[in-house]
Amino acid sequence: MRIKEEKNKIIIKDQPDFEPCHIFECGQAFRWEKQKDSSYTVVSNGKVINVAKEKEDIIINNTDIEDFYNIWQDYFDLNTDYSSIKSTLDTDEIMKTAINFGQGIRILNQDEFETMISFIISANNRIPMIKKVIENLSINFGDKIGEYNGKLYYSFPTYEQLANAPIEIIRECKAGFRSERIKEAAIRIIDEKNTVYDLRNKSYDEALEYLLSYKGVGNKVANCILLFSMKQFSTFPVDVWVRRVMQELYVSKMTSDKEIRKFAEDKFGHMSGYAQQYLFYYARENGIGR
DNA sequence: TCCCAGGTCCTGA
DNA sequence: TCAGGACATGGG
């Protein structure tokens, strides 16, 4: 990896397997905005950055070399070899097509608490609406980060900030019936933060069981949290899109979500999480099964 | 107006 | 264990 620092930006030279639109629009993250020039402005780790691709180079604007090595290198999972993951996975024509379609996907390393709350909000909701609710919560309860390209940005609220948030204001953020779940989780995490931030070091079964004890965290949400913030890649979360693409291309229409998960986890093993992301992005962008 | 969304919870077999 | 309805909100 060759890194070049320029004024207020970092350039990653000749970075393979990195496509901003694949990374941000594959459903793992919600705090991004596509700009007119097709770059992505992203809020994470209390910072605002803008990510663009120019030929084979990745440009991260509004950052410096220190933040790159302390934050973004891990956030963008730059130490993982996605070419090797892809060549392991593409053992059938369906996966070949899905991988080819989303060839620049990477699984981000996101904050545990933010991911928990984000996926509690995702229940029975649409992605644009999930993004809206999260933005509302950030504006109301997060810290002001600053202005970038004429727009003010706010960090995702901490568990203290959400625990202290009046429930009626959380409702005004359009969180709906998930409002109580958000506040309850935040209150609980004040006492259990050490446990939550240590889940990535626990076994899959132990971490899953713990997450399921939260209201609003069922099997699907728990597995998304495990995959997107706790480096548990042997899980295959099944949502409406993954159900459609699997029933359309791999299994019969009668197959239950539980059976789909088992089928996929047996087939893809410790790469299940990556396979799920390629399939989700492929299904959603192409309206598979709709 | 009705249907549905990156589901979960509750209830009753 | 599992099917079926309720749940806020907004877009099609």
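A, B, ... follow the sequence lines: proteins, then strands. Residue 1 opens every chain.
- When the P atom of C/dC2 is taken as reference, atom CE of A/Met254 falls 14 Å away, rounded to whole Å.
- Using a 4.0 Å heavy-atom criterion, one finds that A/Tyr214 contacts the sugar-phosphate atoms exclusively.
- Regarding A/Leu211, its CG atom lies at a distance of 18 Å from the P atom of B/dG7, rounded to whole Å.
- Residue A/Ile167 contributes atom CD1, which lies 11 Å from atom P of C/dA8 at whole-angstrom precision.
- Residue contacts for A/Glu180: at a heavy-atom cut-off of 4.0 Å it reaches no nucleic acid atom on any strand shown.
- Note on A/Arg244: a side-chain N or O is less than 4.0 Å away from OP1 or OP2 of B/dA5.
- Using a 4.0 Å heavy-atom cutoff across all strands shown, A/Lys174 reaches sugar-phosphate atoms only and no base atom.
- Within 4.0 Å of A/Cys173, counting heavy atoms only, lies no atom of the nucleic acid at all.
- Here C/dA8 is the nucleotide among C/dC2, C/dA8, C/dT9 with the atom lying nearest to any side-chain atom of A/Asn124.
- The side chain of A/Lys132 places no N or O atom within less than 4.0 Å of a non-bridging phosphate oxygen (OP1 or OP2) of C/dG10.
- Distance check on atom C1': B/dC9 versus C/dG10 gives 23 Å, rounded to whole Å.
- In this structure, A/Lys262 atom NZ and C/dT1 atom P are separated by 15 Å, rounded to whole Å.
- Atom NZ of A/Lys215 and atom P of B/dC10 are 7 Å apart (whole Å).
- Cation-pi geometry between A/Lys131 and A/Trp32 is met: the NZ or CZ atom falls under 6.0 Å from the ring centre, inside 45° of the normal.
- We find that CG of A/Asn219 is positioned 13 Å from P of C/dT1, with the value rounded to whole Å.
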- Checking side-chain contact (heavy atoms from CB on, under 4.5 Å) for the pair A/Glu180/A/Ile167: CA distance, chi angles, key distance, verdict? CA-CA 7 Å; A/Glu180 290 78 6; A/Ile167 192 76; 4.2 Å; yes
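- Summary of the strand contacts: A/Arg181 and A/Cys224 both lie near DNA chain B, and taking for each the nucleotide with the nearest heavy atom, the more 5' one is attributed to A/Cys224.
- Evaluation of atom-type donor-acceptor distances gives no pair under 3.5 Å for the side chain of A/Arg178 against the base of C/dC7.
- Here A/Gly27 lies in heavy-atom contact (under 4.0 Å) with a base.
- Side-chain atoms of A/Asp77 and A/Thr80 include a donor-acceptor pair closer than 3.5 Å.
- B/dG7 atom C1' lies 12 Å from atom CD1 of A/Ile120, rounded to whole Å.
- A/Asn8 and A/Asn62 share a donor-acceptor pair across their side chains, judged by distance under 3.5 Å alone.
- At a threshold of 4.0 angstrom between heavy atoms, the contacts of A/Val217 are confined to the sugar-phosphate backbone, with no base atom among them.
- The CH2-P distance, from A/Trp241 to B/dC4, rounds to 13 Å in whole Å.
- Residue A/Arg126 places its side chain closer to C/dG11 than to any other of B/dC9, C/dG11, B/dG7.
- Within 4.0 Å of A/Glu172, counting heavy atoms only, lies no atom of the nucleic acid at all.
- Residue A/Phe177 places its side chain closer to C/dA8 than to any other of C/dT9, C/dA8, B/dT8.
- Taking both residues in full, the closest heavy atoms of A/His22 and A/Gly102 are given as ND1-C, 3.6 Å, listed atom of the first, atom of the second, then distance.
- Side-chain N/O atoms of A/Tyr250 and A/Asp92 include a donor and acceptor closer than 3.5 Å.
- Using P as the reference atom, B/dT8 and C/dG11 are 24 Å apart when rounded to the nearest Å.
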